[in-house]
Engineer: 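Structure in structure tokens, see below.
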Amino acid sequence: MALQHNVGLSLIFRLELENSSTTFGKLASIIGEAGGDIIAVDVIRVSKETVIRDVNINVFDREHGQKIVNALDAAPGIKVINVSDRTFLMHIGGKVEVTPKIKVKNRDDLSRVYTPHVARVCQAIHEDPSKAFQLTIKRNTVAVVSDGTAVLGLGDIGPYAAMPVMEGKAMLFKQFAGVDSFPICLDTKDPDEIVRIVKAIAPAFGGINLEDISSPRCFEIEERLKEELDIPVFHDDQHGTAVVLLAGLINAAKVVGKRLKDLKVVVVGIGAAGVACSKMVLAAGVKNIIGVDRVGILNRNQDYDNNMWDWYAKNTNPLNLTGTLDDAIQGADVFIGLSGPGVLKVEHLKSMAKDPIVFAMANPNPEIDPEEAEPYVRVMATGRSDYPNQINNVLCFPGIFKGALECRASTINEEMKLAAARAIASVVTDEELSEHYIIPSVFNKRVAEVVSKAVIEAAYDTGVARRGDVTSNNNF
């Protein structure tokens, strides 16, 4: 059965129509003939002569929307007053807000949440800084930090334009795991300054989620912050992607009846996510990983300007293959794409091993069109929500931070990430598992809870959980 994908844009057309029994029928006919899909209709205002209606229409893109506008404008008795993009409407004024947990109802309440009685709480934290985890928002709050240099598929669009993404991330933290977070977009690209700023704001937060920072700067920034802070620092573009990818790969391997240690895996796009995914797959037991980037197959015969590529060449590609993707893909069991559209061809799929697994995760356009790949692939996954098997970081970061915060972990280590991946994979039962369902839905409420519990257990097993270190809860 061919895979279907949804239209990409939802528009609200505010229309003035002649108050006639035939006008709406004409309206619906025009929209249908133009390829639009009417989702909802609301009456705004009615007079004897006219009716103002809001008509919600799904279209493929802006060009398609303009085609419908032109068709409606040309029709007698129909006037287009305004067209609004529903996505833009959801962003008006921002998507997050700060609300108090306690209502200040009288002067006594005011004196306890603020001056003068708050001074005793401040003094308690001054005498024992660890009490900040008990007595402030630090215990359940994450900073979502970006410099806007690698936003989604848009690239370096700057800190102002990055804010809607970071706000969305803050919403997801709260909705899926009950974790409070705040978007912080920095107007600097200097790694030294980013590290300095994040260290300076760290007292207010229990964890740092780095987001959309370009490679290779992101590696240095994360490593330095992990060394210099005693709270978890997690670059989600690297590790969140890697955790969810591994969860999908665990289940995809079950579907095709192959063991992880026997897989030949080709990774295209050796940037931040590509490196992290490769490290995670190696840690899970895969032995034969071949990395391909614009210079071809990364191999030990070459010296690279990129230090991470040097590391990659030394720690992957056990047969030291050289050449291009054409050479690497021969007999491969798994393709992992973190690059761009059009990289993977049908000819490549035909040269892979039996029952190939393809993770084409470039967004918004994957390395190969899923409909084109379907006849040649046993298991297909993308980064998109309109195809089966979406590799989405939302399955990882809420639960992994929830667990890390609950046990007051000092870091998020490899064992915690592996535990998270296995937990995500476990949510899909053997009865549910199939080619089109290797990864749970982002709306599966079990995911964050299962992940957080697995992360807590791994944190205690590896000695990075600190909640048991609190010897006294005496605040006097």
Side-chain angles (χ1 to χ4, degrees), residues 101 120-145 169-170 173-174 176-182 184 195-211 221-236 238-240 242-243 276 279-280 283 396-424 447-476:
K101 296 167 69 175
R120 294 191 291 114
V121 179
C122 296
Q123 188 61 35
I125 297 171
H126 174 65
E127 293 170 0
D128 180 3
S130 70
K131 287 187 175 179
F133 284 97
Q134 300 171 323
L135 301 172
T136 75
I137 63 171
K138 185 180 182 73
R139 70 185 298 169
N140 192 50
T141 305
V142 172
V144 180
V145 179
K169 191 117 190 182
F173 264 117
K174 188 66 173 180
F176 290 106
V179 172
D180 296 311
S181 62
F182 198 82
I184 298 173
V195 169
R196 182 186 63 78
I197 293 170
V198 174
K199 286 177 62 180
I201 66 172
F205 298 98
I208 306 295
N209 185 116
L210 299 176
E211 188 80 10
I221 291 167
E222 184 189 33
E223 286 306 311
R224 287 175 58 185
L225 287 172
K226 287 173 70 173
E227 290 174 4
E228 298 177 37
L229 291 175
D230 66 345
I231 57 176
V233 178
F234 187 81
H235 184 206
D236 190 45
Q238 293 183 59
H239 310 300
V243 167
K279 287 183 175 180
M280 183 65 63
C396 172
F397 68 81
I400 208 166
F401 267 103
K402 177 180 172 68
L405 291 170
E406 284 188 8
C407 69
R408 278 185 52 196
S410 58
T411 189
I412 295 174
N413 57 31
E414 290 301 309
E415 291 82 2
M416 293 161 73
K417 288 183 278 185
L418 282 169
R422 290 170 180 142
I424 294 168
V447 173
E449 197 60 41
V450 169
V451 169
S452 67
K453 288 179 180 178
V455 166
I456 289 170
E457 184 175 345
Y460 278 107
D461 287 346
T462 56
V464 299
R466 297 174 295 176
R467 194 165 186 181
D469 292 344
V470 179
T471 57
S472 172
N473 289 320
N474 190 351
N475 294 321
F476 295 96

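Since we're looking at a predicted model, the values are computed, not measured.
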Engineer: Between Asn140 and Gly178 (side chain of the first, backbone of the second, donor and acceptor by atom type, cut-off under 3.5 Å), is there such a pair?
Structural biologist: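 Judged by distance alone, yes, a pair lies under 3.5 Å.
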Engineer: Do Leu210 and Ile221 come within less than 4.5 Å of each other through their side chains, counting heavy atoms only?
Structural biologist: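 Yes; the side chains approach each other to less than 4.5 Å.
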Engineer: Where do Asp180 and Lys174 come nearest, in terms of heavy atoms and distance?
Structural biologist: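 Answer, listing the atom of Asp180 first, then Lys174: OD1-NZ, 2.7 Å.
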Engineer: Hey, could you give me the CZ/OG distance between Arg466 and Ser410, rounded to the nearest 0.5 Å?
Structural biologist: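 Going from the CZ atom of Arg466 to the OG atom of Ser410 covers 5.0 Å.
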Engineer: Any chance you could lay out the side chain to side chain contact (heavy atoms under 4.5 Å, CB included) test for Val455 and Glu406, step after step, and finish with the verdict?
Structural biologist: CA-CA 10 Å; Val455 166; Glu406 284 188 8; over 6 Å; no
Engineer: Does Ser452 have any side-chain contact (heavy atoms from CB on, under 4.5 Å) partners at least two apart in sequence or in another chain, and if so, which?
Structural biologist: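 Counting only residues at least two positions away or on another chain, Ser452 forms a side-chain contact (heavy atoms from CB on, under 4.5 Å) with Lys402, Glu449.
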Engineer: Using side-chain heavy atoms (C-beta onward) and a distance below 4.5 Å, is Lys417 in contact with Ile412?
Structural biologist: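 A side-chain contact exists here, since the closest heavy-atom pair is under 4.5 Å.
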Engineer: Would you compute the distance between atom CD1 of Ile208 and atom NZ of Lys199 and round it to the nearest 0.5 angstrom?
Structural biologist: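 NZ of Lys199 is found 12.0 Å from CD1 of Ile208.
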Engineer: Give a yes-or-no answer on whether the side chains of Gln123 and His126 include a donor-acceptor pair shorter than 3.5 Å.
Structural biologist: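 No, because no side-chain N or O of Gln123 sits under 3.5 Å from a partner of the opposite role on His126.
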Engineer: Going by side-chain hydrogen bond (donor to acceptor under 3.5 Å, both in side chains), name the residues that satisfy it together with Glu415, two or more places apart in sequence or in a different chain.
Structural biologist: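 In terms of side-chain hydrogen bond (donor to acceptor under 3.5 Å, both in side chains), with neighbours along the sequence ignored, Glu415 is linked to no residue.
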Engineer: What heavy-atom pair brings Val233 and Leu229 nearest, and what distance separates the two atoms?
Structural biologist: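 For Val233 versus Leu229, the nearest heavy atoms are CG2-CD1, 4.1 Å.
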Engineer: Do Met416 and Val464 have side chains that approach each other closer than 4.5 Å (heavy atoms only, starting at C-beta)?
Structural biologist: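 A side-chain contact under 4.5 Å exists here.
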Engineer: If I take atom CZ from residue Phe205 and atom CG from residue Leu405, how far apart are they, to the nearest 0.5 angstrom?
Structural biologist: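 That separation rounds to 12.0 Å.
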Engineer: Kindly give the heavy-atom pair with the smallest separation between Ala419 and Ala458, and that separation in Å.
Structural biologist: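 For Ala419 versus Ala458, the nearest heavy atoms are CB-CB, 3.9 Å.
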Engineer: Search all heavy atoms of Ile184 against all heavy atoms of Ala143 and return the closest pair with its distance.
Structural biologist: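 Scanning both residues, the minimum pair turns out to be CD1-CB, 3.9 Å.
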Engineer: Would you say the side chain of Ile125 lies within less than 4.5 Å of the side chain of Gln134, judging by non-hydrogen atoms?
Structural biologist: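 The answer is no; the side chains never approach within 4.5 Å.
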Engineer: Atom OG1 of Thr462 and atom CD of Glu457: how far apart are they, to the nearest 0.5 Å?
Structural biologist: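 These two atoms lie 10.5 Å from each other.
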Engineer: What distance do Asn209 atom CG and Ser181 atom OG have between them, rounded to the nearest 0.5 Å?
Structural biologist: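 The distance works out to 8.0 Å.
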Engineer: Is there a donor-acceptor pair under 3.5 Å between the side chain of Glu222 and the backbone N or O of His235?
Structural biologist: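 Here the side-chain-to-backbone pair exists.
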Engineer: With distance as the sole criterion, is a donor-acceptor pair present between the side chains of Thr411 and Asn413 under 3.5 Å?
Structural biologist: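 No, no side-chain donor-acceptor pair sits under 3.5 Å.
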Engineer: Going by an N to O cut-off under 4.0 Å, is there a salt bridge joining Arg224 and Glu227?
Structural biologist: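 So Arg224 does not pair with Glu227 through a salt bridge.
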Engineer: Taking side chain as C-beta onward, heavy atoms only, is Phe133 less than 4.5 Å from Arg467?
Structural biologist: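 When only atoms from C-beta onward are counted, Arg467 and Phe133 do not touch, as no gap falls below 4.5 Å.
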Engineer: CZ of Phe182: more than 12 outside heavy atoms within 6.0 angstrom?
Structural biologist: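 Atom CZ in Phe182 is not packed in, count stays at 12 or less.
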Engineer: Does Thr136 use its side chain to pair, donor to acceptor, with the backbone of Lys138 at less than 3.5 Å?
Structural biologist: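 It does hold such a pair.
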Engineer: Please work out whether the ring planes of His239 and Phe234 are parallel, tilted or perpendicular, with thresholds of 30° and 60°.
Structural biologist: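 Ring orientation, 0 to 90° scale: tilted.
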Engineer: Any side-chain heavy atom of Phe397 within less than 4.5 Å of one from Val142?
Structural biologist: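 Heavy-atom side-chain distance check fails, nothing below 4.5 Å.
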Engineer: Looking only at non-hydrogen atoms, find the nearest pair between Ala404 and Pro232 and report the distance.
Structural biologist: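 The pair with the smallest heavy-atom distance is CB-CG, 4.0 Å.
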Engineer: For Arg408 and Ala465, indicate whether the former's side chain and the latter's backbone hold a donor-acceptor pair under 3.5 Å.
Structural biologist: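 Not confirmed, Arg408 side chain does not pair with Ala465 backbone.
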Engineer: What closest approach, in Å, do Ala420 and Ile400 show between heavy atoms, and which atom pair accounts for it?
Structural biologist: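 For Ala420 versus Ile400, the nearest heavy atoms are CB-CD1, 4.0 Å.
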